[in-house]
Amino acid sequence: MTEKGLLLKVYEALRAAFGCRHWWPAESPFEVMVGAVLTQNTNWANVERAIANLKQADLLRPAAMAEAELTKLQALIRPAGYYRQKSVRLKRLAGWVARRCAPADEGLKALRGLPLDCLREELLALKGIGPETADSILLYALGQPVFVVDAYTVRILARHQLVARDSRYGEVQSFFQDGLPTDLELFKDYHAQLVEVGKRYCKRRAPRCQDCPLHPVLGAPTLEMELP
DNA sequence: TGCCAGGCCGGGT
DNA sequence: ACCCGGCATGGC
């Protein structure tokens, strides 16, 4: 068990280096949800094109997306890749939201009121929504305090030997949730900071992460811990 | 030019 | 219960 303050010290170092990340970049909670699906194993720049297309077509609303023609949806989100799978996933998610929220409920208040466990279970029951996508939606769209774990998170922690390389999602999530105060804004920005570290210093093949702001806190990774 | 990106599912061991 | 191939586009 890591001592209580380490994860906070890590956060302070990242925050000092990068500033507040202001995540998730979106104009509405539903746009966050859509982005969460579109960004599955996909570069965010490609996701932005797809979202712009959806916005242009006025399909960035739950009911409209749920009823949209599948082939039309596919054409619009094509730049985000995996477009055949993602079109189906988006329609399922949009249908779920549309069933729960009135069209005028743009803040998705009807969903925000429900308990976390219930929401997470229902999201995970939708095919195409796994743990990371569900938690991104819970945290950034619905304001629930869950810690989001992604590939960068595991890679960064594994390279510093804070978790095993083959850890399960829940283990890494507990590592953060047990080592931090339960704080919505902290969870939001912490994950965003980790993604920033990942993009800059912790790519899959990157043999080393020089100048990474984590090193003063955690020490530099050694050669043994490099590759995935 | 291949490798990579803010995963997830289904089939085979 | 794990392991692996498939899914697809665009940037460097």
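Proteins get letters first, then strands, A, B, ... in listed order; numbering begins at 1 in each.
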Task: A/Phe30 vs A/Val34, side-chain contact (heavy atoms from CB on, under 4.5 Å): CA-CA, chis, key distance, verdict - done: CA-CA 6 Å; A/Phe30 185 65; A/Val34 171; 3.7 Å; yes
Closest approach of [X] to [Y] (non-hydrogen atoms, all atoms of both residues):
X        : Y        : value
A/Thr182 : A/Pro145 : CG2-CB, 3.7 Å
A/Ile51  : A/Gly35  : CD1-CA, 4.0 Å
A/Thr153 : A/Phe176 : CG2-CE1, 3.5 Å
A/His215 : A/Pro221 : NE2-CD, 3.4 Å
A/Asn46  : A/Pro79  : CB-O, 3.2 Å
A/Lys86  : A/Thr42  : NZ-OG1, 2.9 Å

Open item on the list: Taking any atom closer than 4.0 angstrom to a non-hydrogen atom of chain A, what span of DNA chain C does the protein reach, first nucleotide to last?
Closed with: C/dC2 to C/dG11
Nucleotide [N], atom [atom2] - distance to [atom1] of [X] in whole Å:
X        : N     : atom1 : atom2 : result
A/Asn43  : B/dG2 : CG    : P     : 20 Å
A/Lys86  : B/dC8 : NZ    : P     : 11 Å
A/Leu93  : B/dG7 : CG    : P     : 17 Å
A/Arg200 : B/dA5 : CZ    : C1'   : 17 Å
A/Arg204 : B/dG2 : CZ    : P     : 17 Å

- [ ] Counting Watson-Crick and G-U wobble pairs whose two distances are both under 3.5 Å, find the runs of 3 or more in a row that involve DNA chain C.
- [x] B:2-5 with C:9-12, B:7-13 with C:1-7
[Y] backbone acceptor or donor facing [X] side chain under 3.5 Å:
X        : Y        : value
A/Gln173 : A/Phe147 : yes
A/Glu31  : A/Glu27  : yes
A/Tyr152 : A/Cys202 : no

Task: Strand contacts (DNA chain B) in residues 26-41 of chain A, 4.0 angstrom heavy-atom criterion - done: A/Thr39, A/Gln40, A/Asn41
Pick base, sugar-phosphate or nothing for [X], based on heavy-atom distances below 4.0 Å to the nucleic acid.
X        : value
A/Asp150 : sugar-phosphate
A/Arg21  : nothing
A/Ala151 : sugar-phosphate
A/Tyr83  : sugar-phosphate

Task: Whole-angstrom distance between C/dA8 and B/dT1, as gauged at atom P - done: 23 Å
Task: P gap between B/dC3 and C/dG6, integer Å - done: 16 Å
Distance-only donor-acceptor pairs under 3.5 Å for side chains of residues 107-120 of chain A, two or more places apart:
residue	atom	partner	partner atom	Å
A/Arg112	NE	A/Gly107	O	3.1
A/Arg112	NH2	A/Ala141	O	3.0
A/Arg120	NE	A/Asp135	OD1	2.7
A/Arg120	NH2	A/Asp135	OD1	3.4
A/Arg120	NH2	A/Asp135	OD2	3.0

Open item on the list: For A/Thr133 and A/Gln40, which I'm curious about, is there any donor-acceptor pair between the side chains at under 3.5 Å?
Closed with: yes
- [ ] Compare side-chain N and O positions of A/Arg92 against OP1 and OP2 of B/dC8 and report whether any pair is under 4.0 Å apart.
- [x] no
Task: Test side chain to side chain contact (heavy atoms under 4.5 Å, CB included) applied to A/Val197 - qualifying residues, sequence neighbours left out - done: A/Leu14, A/Phe18, A/Ile156, A/Tyr201, A/Cys212, A/Leu214
Between the protein and nucleotides 9-13 of chain B, are there any N/O to N/O pairs under 3.5 Å, and if so, what are the atom names and distances?
residue	atom	partner	partner atom	Å
B/dC9	OP1	A/Gly128	N	2.9

Open item on the list: Can you identify which nucleotide, out of B/dC8, B/dA5, B/dC3, has its nearest atom closest to the A/Arg205 side chain?
Closed with: B/dC3
- [ ] Inspect the contact between A/Glu185 and A/Lys188 and indicate whether a charged nitrogen and a carboxylate oxygen are less than 4.0 angstrom apart.
- [x] yes
